[in-house]
Amino acid sequence: MKSHDERIASMTFASVYPHYLTKVEKKGRTKEELHRVIEWLTGYTDEKLQQLIDEKVTFEQFFNDADLNPNCNLITGVICGYRIEEIENPLTKKVRCLDKLVDELAKGRKMEKILREA
């Protein structure tokens, strides 16, 4: 499992971001909605997000600098075959939480449910 966690840590956010965008847009959601979800989780504004993409930061750096939402512990369920609540590596868990939010957006969930406001 260690190599899996290391691979995630060294991946760049910029390499995954276009896939997130394609995934949500294919399902009729917008870049603005994607950015709203990312901002909710990380605290990153559009400008900061673009800067991180341009700088090709790794997921490790991406989440080290993030101001994580205190409600991110409400993100549960299975993503990519892993139950989020059972992931032990903190960084892998954060990345999977982001994956889960993007997935929920693509699946058409209401924004207030995705942002754990309900």
Side-chain angles (χ1 to χ4, degrees):
M1 195 63 179
K2 187 168 188 265
S3 65
H4 174 77
D5 292 330
E6 287 169 355
R7 244 191 358 262
I8 287 178
S10 63
M11 283 172 64
T12 64
F13 177 75
S15 70
V16 178
Y17 175 79
H19 300 288
Y20 288 158
L21 189 56
T22 302
K23 182 176 190 169
V24 301
E25 286 183 338
K26 258 187 1 204
K27 299 292 186 172
R29 302 305 283 260
T30 64
K31 178 179 180 177
E32 290 71 28
E33 288 175 306
L34 174 62
H35 283 209
R36 186 166 166 211
V37 165
I38 295 170
E39 185 174 354
W40 176 86
L41 181 64
T42 64
Y44 293 140
T45 62
D46 286 354
E47 295 77 25
K48 180 65 175 171
L49 201 55
Q50 191 55 57
Q51 179 189 339
L52 295 170
I53 291 168
D54 293 344
E55 291 174 3
K56 296 187 173 15
V57 298
T58 61
F59 267 115
E60 186 166 28
Q61 182 154 16
F62 182 84
F63 279 106
N64 277 349
D65 297 342
D67 182 16
L68 274 193
N69 189 301
N71 287 335
C72 68
N73 62 331
L74 300 175
I75 303 168
T76 58
V78 176
I79 188 79
C80 304
Y82 298 97
R83 181 158 285 287
I84 292 173
E85 314 73 300
E86 295 172 3
I87 297 173
E88 291 179 13
N89 180 289
L91 176 64
T92 301
K93 186 173 195 159
K94 292 170 193 167
V95 173
R96 293 301 181 207
C97 282
L98 178 56
D99 290 343
K100 181 73 173 173
L101 295 176
V102 172
D103 207 44
E104 290 176 358
L105 185 62
K107 285 183 172 158
R109 266 193 112 184
K110 288 190 169 80
M111 191 58 84
E112 61 268 15
K113 287 226 187 283
I114 297 170
L115 304 183
R116 308 305 193 254
E117 292 170 355

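Note that these values count all heavy atoms, side chains included, but never hydrogens, waters or copies made by symmetry. Just so you know, these numbers come straight off a predicted model, no measurement behind them.
- Side chains of Tyr20 and Leu105 form no contact here, defined as non-hydrogen atoms less than 4.5 Å apart.
- Atom CD1 of Ile8 sits about 4.0 Å away from atom OG1 of Thr92, to the nearest 0.5 Å.
- Under the 3.5 Å distance criterion, the side-chain polar atoms of Arg109 are left unmatched by any main-chain donor or acceptor of Lys107.
- The two residues Cys97 and Cys72 come nearest to each other via the heavy atoms SG-O, 4.3 Å.
- Taking Glu60 as the reference, nothing meets the salt bridge (Lys or Arg N to Asp or Glu O under 4.0 Å) condition, with sequence neighbours excluded.
- By the side chain to side chain contact (heavy atoms under 4.5 Å, CB included) test, Arg83 pairs with Val78, Glu85, Glu86, sequence neighbours left out.
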Check step by step if side-chain contact (heavy atoms from CB on, under 4.5 Å) holds for Leu101 and Ile75. CA-CA 8 Å; Leu101 295 176; Ile75 303 168; 3.9 Å; yes
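- Val95 places none of its side-chain heavy atoms less than 4.5 Å from the side chain of Met11.
- Between Cys80 and Arg96, the closest heavy-atom pair is SG-NH1, 3.4 Å.
- For the pair Ile87 and Tyr82, the tightest heavy-atom approach, listed with the atom from each and the gap, is CD1-CB, 4.1 Å.
- Note on Leu74: it does not cluster hydrophobically with Leu98, by side-chain heavy-atom contacts below 4.5 Å among ILVMFWY residues.
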Hey, mind stepping through Glu104 and Arg116 against salt bridge (charged side-chain N to carboxylate O under 4.0 Å, His left out) and telling me if it holds? CA-CA 11 Å; Glu104 290 176 358; Arg116 308 305 193 254; 2.8 Å; yes
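- Glu25 pairs by the salt bridge (Lys or Arg N to Asp or Glu O under 4.0 Å) definition with nothing, not counting sequence neighbours.
- Within the 4.5 Å cutoff, side-chain heavy atoms of Phe63 are placed close to those of Leu68.
- Between Lys93 and Ile84, the closest heavy-atom pair is CE-O, 3.4 Å.
- Looking at heavy atoms from C-beta onward, Asn89 lies out of side-chain contact with Glu6 at the 4.5 angstrom threshold.
- Lys23 approaches Asp103 most closely through the heavy-atom pair NZ-OD1, 2.7 Å.
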Show me the side-chain donor-acceptor pairs of residues 36-46 shorter than 3.5 Å, one per line, residues at least two apart or across chains.
| unit_1 | atom_1 | unit_2 | atom_2 | d |
| --- | --- | --- | --- | --- |
| Trp40 | NE1 | Leu115 | O | 3.1 |
| Thr42 | OG1 | Ile38 | O | 2.7 |
| Thr42 | OG1 | Tyr44 | N | 3.1 |
| Tyr44 | OH | Phe62 | O | 2.4 |
| Tyr44 | OH | Ala66 | N | 3.0 |
| Thr45 | OG1 | Glu47 | OE1 | 3.4 |
| Thr45 | OG1 | Lys48 | N | 3.2 |
| Asp46 | OD1 | His35 | ND1 | 2.9 |

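- With contacts defined as side-chain heavy-atom distances shorter than 4.5 Å, the pair Val24/Glu33 does not qualify.
- When the side chain to side chain contact (heavy atoms under 4.5 Å, CB included) test is applied to Gln61, the partners found at least two apart in sequence or on another chain are Val57, Thr58, Asp65.
- Taking the side-chain hydrogen bond (donor to acceptor under 3.5 Å, both in side chains) definition, one finds that Thr22 meets it with nothing, sequence neighbours left out.
- Rounding to the nearest 0.5 Å places CD1 of Ile53 at 4.5 Å from CG of Leu49.
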